[in-house]
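One structure is given here, and the rest of the page talks about it.
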Amino acid sequence: RTIQEMKDSCRLPPLPTIKDIIRLYKLRALRQLSQNFLLDLKLSDKIVKMAGNISGFHVCEVGPGPGNITRAILERGADRVTVIEKDRRFLPSLEFLASATNGRLHIIIGDVLEYDIGHLFNRELAKDWNDVPPPFHIIGNLPFNVSTPLIIKLLRQVSNREGPFAYGRTKMTLTFQEEVAERMIAPVFSDQRCRLSVMCQNLCKVEHKFTIPGQAFLPKPKVNVGVVLLTPLKQPLINLPFEIVEKVARCLFHSRQKYCKRGIQKLYPGNRVDLVEETIRLADIDPNVRTFHLSVEEVGQIAKAYDYICQQNPKLKNYEFRMGKLNNDVLSEDKDAQIHNECV
Ligand code: SAM
């Protein structure tokens, strides 16, 4: 087939505007689901463009809403698109779009946090982990309070090479509150550097592609939105299980401005100066370096030392410093103060 024929086969018949769809199906945004719709199809297309060439790909879109980004994914030539949407009210508008796609669009009504995206991809198209990424992509403009638990779930799956990553290094293009996107890419010494920076950069190449101003959405959120592309690394920078890296990063970054020895203390119960000193010795790091000055590799040295000490004394592993796990972080715009406290 010629390129023009391929382009024509992806092109959708003329469809009503997203504004009309919202009006037609009376899709008032629900505050409790933090719904904000992107009405400008050029911006929806720009998000999809950031995913790279997706022609012939299997794409999972999370939170399609009325289907604006879905249209762009289809127009850019994805072979098969599966959308996962929690709000059943979008079913008619998505079915309307599906009817124009010759069976390329599949709709799942459900909660993405409870769904295994891995089931959606065709095993036959899998690639080896060290090969180029497979022809799969996860795309989503989700509410802030879902995109953060989702990225943590996905990072855990990257680490375990399971779910959508059982088939190779599947890429992800997801939106986040701009401040969160900045934390994800924050380098050493940055004011934004936090445990999310370490967790993301340990496992993925993280690129903050562009920012969408809040006023592009209906209703308008209080913050801007960052579009982030994540590509799993062939080798994580820290070769340890996700849970250990998460725990060490969490304890260290609880006091990100303080000397890192303060964070190391939080890994152990009571005042175990001996264990703290042993960790510092094994990790071969300067205890008076401030936590946000630590590279991912240095966090890894501390994590390896901690892991070694726990292997000598397995009970230590059960000790949890009293604070929320990353999974339980609430990252809605209303809870910004809370994020700030968690990350800073
Ligand atoms: N994609 C549309 C756009 O860009 O305009 C809608 C974006 S809106 C910010 C987020 C969408 O995610 C809503 O349609 C909402 O119903 C859906 N959503 C929220 N929580 C979800 C979840 N846990 N699983 C799947 N979809 C969810």
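Not measured: the values here are computed from a predicted model. Counting starts at 1 for both ligands and their atoms, following the listed order. Numbering starts at 1 and runs along the sequence shown.
- Contact annotation for Asp111 and ligand 1: heavy atoms of both the backbone and the side chain come within less than 4.0 Å of the ligand.
- The contact set between ligand 1 and Ile84, taken as ligand atoms under 4.0 Å from a residue heavy atom, comprises 25 (C), 26 (N).
- Distance alone, capped at 3.5 Å, is enough to place a donor-acceptor pair between the Arg169 side chain and the Trp129 backbone.
- The number of heavy atoms from other shown groups lying within 6.0 Å of NZ (Lys317) does not exceed 12.
- Less than 4.0 angstrom separates some heavy atom of Asn141 from each of these atoms of ligand 1: 3 (C), 4 (O), 7 (C), 8 (S), 9 (C), 10 (C).
- Between Phe321 and His254, the two ring planes are perpendicular [angle over 60°; tilted spans 30° to 60°].
- Considering backbone and side-chain atoms together, Leu38 places an N or O closer than 3.5 Å to an N or O of ligand 1.
- The side-chain contact (heavy atoms from CB on, under 4.5 Å) test with Ile107 singles out one residue from Thr70, Thr82, Leu91, and that residue is Leu91.
- By the 4.0 Å heavy-atom criterion, Phe90 is counted among the residues contacting ligand 1.
- In the candidate list Pro149, Ser147, Gly63, Gly63 is nearest to atom 1 (N) of ligand 1, counting heavy atoms.
- Of the candidates Asn145, Val112, Thr175, the one placing a heavy atom closest to atom 24 (N) of ligand 1 is Val112.
- The closest non-hydrogen atom to atom 18 (N) of ligand 1, taken over Glu61, Glu114, Glu85, comes from Glu85.
- Ligand 1 has at least one atom lying under 4.0 Å from a heavy atom of Gly110.
- In the displayed structure, Lys49 atom NZ is contacted under 6.0 Å by at most 12 heavy atoms of other residues, nucleotides or ligands.
- With a 4.0 Å cut-off on non-hydrogen atoms, Val146 touches ligand 1 through its side chain and not its backbone.
- The local environment of CG in Asn102 is sparse, with at most 12 non-hydrogen atoms from other residues, nucleotides or ligands closer than 6.0 Å.
- Residue contacts with ligand 1 leave out Val62, since none of its heavy atoms falls under 4.0 Å from the ligand.
- Contact check for Asp87 versus Phe90: side-chain heavy atoms found under the 4.5 Å cut-off.
- Relative to the ring axis of Phe292, Arg256 places its NZ or CZ within 45° and under 6.0 Å from the centre.
- Close contacts between ligand 1 and Asn36 involve ligand atoms 5 (O), 7 (C), 8 (S), 9 (C) [criterion: under 4.0 Å to a heavy atom].
- Checking only distances, Asp87 never comes within under 3.5 Å of ligand 1, N or O to N or O.
- In the hydrophobic clustering, Phe189 connects to Val188, either directly or through intervening members, whenever side-chain heavy atoms lie under 4.5 Å apart.
- For ligand 1, the atoms lying closer than 4.0 Å to a non-hydrogen atom of Pro64 are 1 (N), 2 (C).
- Ligand 1 is approached by Leu142 to a heavy-atom distance shorter than 4.0 Å.
- Contact atoms of ligand 1 toward Lys86: 21 (C), 22 (C), 23 (N), 24 (N), 25 (C), 26 (N), 27 (C) (distance under 4.0 Å to a heavy atom of the residue).
- Using cut-offs of 30° and 60° for the angle between ring planes, the Phe121 and Tyr167 rings count as perpendicular.
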